[in-house]
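To start, the structure itself, in structure tokens.
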Amino acid sequence: MPQTEELDQFERAILAALQKNARQSVQELAEKIGLSTSPTWRRLKAMQDAGVILEYVARLDAAKLGYGQTVFANVTLAKHNRDALLDFEKAIVERPEVLQCFSMTGSADYIIRAVVKDAAHYERFLQEVVFINPAVQHISSHFALREIKNTSALPI
């Protein structure tokens, strides 16, 4: 499957519809985009096989599950050798409260988005993961006051 610019109108429609509701059946999807079930399924399967569609997930309400705080942390490393980077990244990947982590340009090496129950939970995370890591030089944490927009939908 090629780049997004090369997707046809039906493939774009499939992706847009799935981003709104990934639980719909292929038949429902076909009706929405104006194709029969078989060509819709073939397009869907091709996009899955090509890695355009990575996974199907349910978005959950973090606050209703007890994770009332979202924290963004800018992490600067003192050591930039391969082993130090891999050790830090492995530690971050293993933590369930870390929802996203990006390697960055600029003043910080990484930015992390995590959800925690409260400040004490975040402090435990820092002590168990960040402060014990010898590669970490500095961390700057920012607690979100409120969420303005949160979507995983890409512009199609």
Side-chain angles (χ1 to χ4, degrees), residues 1-24 29 33 43-156:
M1 180 76 19
Q3 296 289 331
T4 307
E5 297 84 31
E6 298 176 20
L7 296 174
D8 70 23
Q9 69 181 26
F10 295 111
E11 292 161 338
R12 288 177 184 274
I14 289 169
L15 295 175
L18 286 175
Q19 287 188 125
K20 290 180 182 169
N21 177 8
R23 292 187 62 185
Q24 58 194 307
L29 193 56
I33 69 164
R43 282 177 163 84
L44 185 60
K45 178 83 169 97
M47 288 188 289
Q48 291 170 348
D49 292 346
V52 173
I53 299 170
L54 297 175
E55 61 186 344
Y56 297 91
V57 298
R59 288 192 61 220
L60 308 177
D61 186 320
K64 288 181 180 174
L65 293 170
Y67 295 93
Q69 297 289 314
T70 299
V71 184
F72 294 88
N74 296 316
V75 179
T76 305
L77 301 183
K79 300 176 181 178
H80 290 88
N81 63 59
R82 183 167 175 75
D83 289 341
L85 295 174
L86 292 175
D87 288 345
F88 175 77
E89 291 175 5
K90 182 178 183 292
I92 293 301
V93 166
E94 291 175 352
R95 293 303 293 232
E97 60 267 74
V98 174
L99 302 182
Q100 294 177 300
C101 179
F102 296 93
S103 175
M104 303 296 292
T105 63
S107 60
D109 295 308
Y110 294 92
I111 188 165
I112 295 169
R113 180 173 73 100
V115 290
V116 294
K117 296 177 188 250
D118 51 30
H121 181 183
Y122 185 61
E123 181 181 23
R124 280 192 309 280
F125 166 77
L126 290 174
Q127 291 172 350
E128 294 170 4
V129 178
V130 179
F131 295 157
I132 65 167
N133 191 307
V136 174
Q137 178 181 26
H138 178 75
I139 185 164
S140 175
S141 303
H142 309 275
F143 279 77
L145 297 177
R146 65 187 172 100
E147 185 176 280
I148 308 302
K149 181 178 181 179
N150 183 354
T151 183
S152 62
L154 297 173
I156 301 296

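On a predicted model such as this, the values are computed, not experimentally measured, just so you know.
Between the CD1 atom of Ile132 and the CG atom of Leu126 there is a distance of 11.0 Å, given to the nearest 0.5 Å. Atoms CG and CZ, from Leu7 and Arg43 in turn, are 10.5 Å apart once rounded to the nearest 0.5 Å. Considering CZ of Arg12 and CD1 of Ile33, their distance stands at 13.5 Å, rounded to 0.5 Å.
More than 12 heavy atoms of other residues, nucleotides or ligands shown are found within 6.0 angstrom of CG on Leu65. Taking a 6.0 Å sphere around CZ of Phe10, one finds it holds more than 12 heavy atoms contributed by other residues, nucleotides or ligands.
Here the side chain of Gln24 pairs a donor or acceptor atom with the backbone of Asn21 at under 3.5 angstrom.
Counting heavy atoms from C-beta on, the side chains of Cys101 and Glu89 never come closer than 4.5 Å. When side chains are defined from C-beta on, Asn133 counts as touching Val136, because their heavy atoms get closer than 4.5 Å. At a threshold of 4.5 Å between non-hydrogen side-chain atoms, the residues Phe131 and Glu123 do not count as touching. Residues Val71 and Glu97 form no side-chain contact, since every pair of their non-hydrogen atoms from C-beta on lies 4.5 Å or further apart. Side-chain contact between Val98 and Arg113 is absent, with no heavy atoms from C-beta onward closer than 4.5 Å. In this structure the side chain of Arg82 never reaches within 4.5 angstrom of the side chain of Leu85, judged on heavy atoms. Looking at Leu54 and Gln48, their side chains never come closer than 4.5 Å, going by heavy atoms from C-beta outward. Under the 4.5 Å side-chain criterion, counting only non-hydrogen atoms from C-beta, Val75 is not in contact with Asp109.
Under 3.5 Å, the side chains of Ser140 and His142 contain a donor-acceptor pair of N or O atoms.
In this structure, the side chain to side chain donor-acceptor pair (under 3.5 Å) partners of Asp49, at least two apart in sequence or on a different chain, are Lys45. Residues passing the side chain to side chain donor-acceptor pair (under 3.5 Å) test with Gln69: none are found, sequence neighbours excluded.
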side-chain contact (heavy atoms from CB on, under 4.5 Å) assessment of Gln100 paired with Ile112: CA-CA 6 Å; Gln100 294 177 300; Ile112 295 169; over 6 Å; no
In sequence, state the C-alpha distance, the side-chain angles, and the governing distance for Gln127 and Tyr122, and then conclude on side-chain contact (heavy atoms from CB on, under 4.5 Å). CA-CA 9 Å; Gln127 291 172 350; Tyr122 185 61; over 6 Å; no
Derivation and outcome, side-chain contact (heavy atoms from CB on, under 4.5 Å), residues Thr76 and Gln137: CA-CA 6 Å; Thr76 305; Gln137 178 181 26; 3.8 Å; yes
Would you please test Tyr56 and Arg23 for side-chain contact (heavy atoms from CB on, under 4.5 Å) and show each step? CA-CA 8 Å; Tyr56 297 91; Arg23 292 187 62 185; over 6 Å; no
Side-chain donor-acceptor pairs under 3.5 Å in residues 147-156, sequence neighbours left out?
from: Glu147; atom 1: OE1; to: Asn150; atom 2: ND2; distance (Å): 3.2
from: Thr151; atom 1: OG1; to: Ala153; atom 2: N; distance (Å): 3.0

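The two residues Lys117 and His121 have their closest heavy-atom pair at N-ND1, 2.9 Å.
In summary, the aromatic rings of Phe88 and Tyr110 are positioned with their centroids under 6.0 Å apart.
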